[in-house]
Amino acid sequence: MTTTSTALAPLGRAALDEAAFVELVRVITGHPGAEPLATRVDPVPYPIGTPTTAELLRVRGTALLPGGERRHWSCFVKRLQSAKWWDGLHLVPAPLRDDFIANIPWRVEIAVQRSNLASLLPQGLRLATSYRIDEYDDERATLWMENVEPTPGPWGLERFERSAYLLGRLSARRQAHLVEPLLPRQGITTPGMSLRYYVDGRVLRGTIPVLADDATWQHPVLKEAVEACGESTLRGEFLGLAERLPAAMDGLDRLPQCYQHGDASPQNLLVPADSPEEFVAIDWGFDSPQAVGFDLGQLLVGLAHAGELAPEALPAVHRVIVPAFCEGLEDEGLAVSRSDVEYGYLGSLLARATFTALPLECLAAPESPALVDYFTYRVRLARALVDLTSQVDLTSRVR
């Protein structure tokens, strides 16, 4: 048998001792007498986009069962951390760092696994199975979870529609007056609190001033991308939407409020290869009440952000997810008008994803044809989001 110290060495401090590792393998295989044999640890080739995720790995191996049978097993390992350990913390202005660390709830995924959330999920939507949680004194932790092997291939409209329906049912079951936040803390029950924190920092202070700067649009890379797409009006449309953003945020707070998934991109709604009729929801976020429809924004834009869905396909996705979400609400007995759902969805999409569609931070990279191609793609994405978020009167709920 491969020794635990050798097999799990790539995990560093997260590595388990011999007894704990054997117990883990027995939990995963469901056999109390299983003995681990060969084991391998592999990093997950997926870009980490959140300060609270330190590392993603998969552990695979074989085990010898009491009857002599050999069984393959695997698990997904996610190493969590307080934002104070984030490698990019230096990018946050020094006077804002303590506030930034305090407002990024790094233990949300632990709270998900220890809560009653699983009992609230509608049929067809479930959590990944948690095998083990290790927390450390320095505000770090390791989750040992089910390794969901996803169904290969792109998402079709039917899958978008089905997931939107289930997200609607989930939102109705987690209305703000029915449930509590996963991690209770000061001010978190205020409608839109988490989104406002994001908008105040990333969007209003960080992105919009850069979009307003003449020098940004004169950068050779962005200028070439804009010209290639024929988007001479994009800058002005961005700034026009920016003027409407504060009022739109006020309007979102007046809508029905729900605790939702918070980051419901397709990448976080895994479709298991061995059970393609269900979704496994991972990476929950934004643990505060948000306007009904909030989750549809990430559902729409997640694959496009990753370059896996053409921006020109977004209008078709938009047309199926809104009625499906409304149907989910209705089936749970929550009466919300389609116009309110669209306001919550598109207003949140405006605040969270539209202004940041252009990866302005990448303009500091060396110029190259690949960078121009990337910006050309993201200009197309920006156009799709500006068009969608301009469809609804985002200030109509302000009174």
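Atoms considered below: every heavy atom in the structure, side chains included; atoms not considered: hydrogens, waters and symmetry mates.
The side-chain heavy atoms of N103 and M193, taken from C-beta on, include a pair separated by under 4.5 Å. Side chains of L296 and V341 form a contact here, defined as non-hydrogen atoms less than 4.5 Å apart. Looking at heavy atoms from C-beta onward, S194 lies out of side-chain contact with D287 at the 4.5 angstrom threshold. With a 4.5 Å cut-off on side-chain heavy atoms, L89 and I101 count as touching. Within the 4.5 Å cutoff, no side-chain heavy atoms of L299 are placed close to those of F325. Contact of the R338 side chain with the P323 side chain is registered, since non-hydrogen atoms from C-beta on lie closer than 4.5 Å. L358 is not listed as a side-chain neighbour of T216, based on a closest heavy-atom distance of 4.5 Å or more. Side-chain contact between L381 and H305: present, with at least one pair of heavy atoms (C-beta onward) separated by less than 4.5 Å.
Of all heavy-atom pairs spanning Q257 and P191, the tightest one is OE1-CB, 3.4 Å. Residues C362 and F375 come closest through the heavy atom pair CB-CE1, 3.9 Å. The two atoms that bring V59 and V77 nearest to each other are CG2-CG2, 3.7 Å, heavy atoms only. Nearest heavy atom pair, residue P276 against residue T151, reads CB-OG1, 4.0 Å. Closest heavy-atom contact between V203 and F355: CG1-CD1, 3.8 Å. Heavy-atom minimum distance, A15 versus L8: CB-O, 3.5 Å.
Between R60 and E149 there is a salt bridge, since at least one side-chain N of the basic residue sits less than 4.0 Å from a carboxylate O of the acidic one. Ion pairing of E55 with K78 is absent here, as no side-chain N (NZ or NE/NH1/NH2) approaches a carboxylate O to less than 4.0 Å. Salt bridge status for D214 with R235: present, with a side-chain N to carboxylate O gap under 4.0 Å. Between E237 and R383 there is a salt bridge, since at least one side-chain N of the basic residue sits less than 4.0 Å from a carboxylate O of the acidic one.
By the rule that hydrophobic residues join a cluster once side-chain heavy atoms approach within less than 4.5 Å of another member, V386 and L360 end up as members of one cluster. Cluster annotation: I104 is not connected to L143 through the hydrophobic network of ILVMFWY side chains, with a link wherever side-chain heavy atoms come within less than 4.5 Å. In the hydrophobic clustering of this structure, I282 does not group with W144; members are Ile, Leu, Val, Met, Phe, Trp, Tyr whose side-chain heavy atoms approach within less than 4.5 Å, directly or through other members. There is a path of hydrophobic side-chain contacts, each under 4.5 Å, that joins V317 to L167.
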Going through the distances and angles, do E231 and T233 end up as a side-chain hydrogen bond (donor to acceptor under 3.5 Å, both in side chains)?
CA-CA 5 Å; E231 289 293 352; T233 65; 4.6 Å; no
So D283 and E109, side-chain contact (heavy atoms from CB on, under 4.5 Å) or not? Walk me through it.
CA-CA 7 Å; D283 292 357; E109 291 183 73; 3.2 Å; yes
Does the pair E161 and E327 meet the rule for a side-chain contact (heavy atoms from CB on, under 4.5 Å), with working shown?
CA-CA 10 Å; E161 184 176 36; E327 183 182 354; over 6 Å; no
Could you go step by step and tell me if V44 and F76 meet the side-chain contact (heavy atoms from CB on, under 4.5 Å) rule?
CA-CA 9 Å; V44 175; F76 189 88; 3.7 Å; yes
CA sep, side-chain torsions, deciding dist, call: F294, L252, side-chain contact (heavy atoms from CB on, under 4.5 Å)
CA-CA 9 Å; F294 174 90; L252 290 173; over 6 Å; no
Name every donor-acceptor pair, under 3.5 Å, that has one atom in a side chain of residues 64-72 and the other anywhere in the protein, sequence neighbours excluded.
none

Quiz: residues 119-132 side-chain donor-acceptor pairs under 3.5 angstrom, not counting sequence neighbours:
{"from": "S119", "atom 1": "OG", "to": "N116", "atom 2": "O", "distance (Å)": "2.6"}
{"from": "R126", "atom 1": "NE", "to": "E278", "atom 2": "OE2", "distance (Å)": "2.9"}
{"from": "R126", "atom 1": "NH1", "to": "E146", "atom 2": "OE1", "distance (Å)": "3.0"}
{"from": "R126", "atom 1": "NH2", "to": "E146", "atom 2": "OE2", "distance (Å)": "2.9"}
{"from": "T129", "atom 1": "OG1", "to": "E146", "atom 2": "OE1", "distance (Å)": "3.4"}
{"from": "R132", "atom 1": "NE", "to": "D134", "atom 2": "OD1", "distance (Å)": "3.0"}
{"from": "R132", "atom 1": "NE", "to": "D134", "atom 2": "OD2", "distance (Å)": "3.0"}
{"from": "R132", "atom 1": "NH2", "to": "D134", "atom 2": "OD1", "distance (Å)": "3.3"}

Hey, can you pull the donor-acceptor pairs under 3.5 Å for the side chains in residues 263-274, sequence neighbours left out?
{"from": "D263", "atom 1": "OD1", "to": "Q298", "atom 2": "NE2", "distance (Å)": "3.1"}
{"from": "D263", "atom 1": "OD1", "to": "R352", "atom 2": "NH2", "distance (Å)": "3.4"}
{"from": "D263", "atom 1": "OD2", "to": "N268", "atom 2": "ND2", "distance (Å)": "3.3"}
{"from": "S265", "atom 1": "OG", "to": "Q267", "atom 2": "OE1", "distance (Å)": "3.3"}
{"from": "Q267", "atom 1": "NE2", "to": "G302", "atom 2": "O", "distance (Å)": "2.9"}
{"from": "N268", "atom 1": "ND2", "to": "D263", "atom 2": "O", "distance (Å)": "2.9"}

Going by atom type alone, with no hydrogens or angles, which donor-acceptor pairs under 3.5 Å involve a side-chain atom of residues 219-228 and a protein atom two or more places apart or on another chain?
{"from": "H219", "atom 1": "ND1", "to": "V221", "atom 2": "N", "distance (Å)": "3.1"}
{"from": "H219", "atom 1": "NE2", "to": "L363", "atom 2": "O", "distance (Å)": "3.0"}

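Within the 6.0 Å centre-distance limit, the rings of F279 and W155 are counted as a close aromatic pair.
Other residues sharing the hydrophobic cluster of L91, ordered by chain and number and joined by side-chain separations under 4.5 Å: none, the residue standing alone.
Heavy atoms from other residues, nucleotides or ligands lying under 6.0 Å from CD of E361 number more than 12.
Going from atom CG of L182 over to atom CD of Q113 covers 10.5 Å, rounded to the nearest 0.5 Å.
With sequence neighbours excluded, the residues satisfying side-chain hydrogen bond (donor to acceptor under 3.5 Å, both in side chains) with H318 are Y345.
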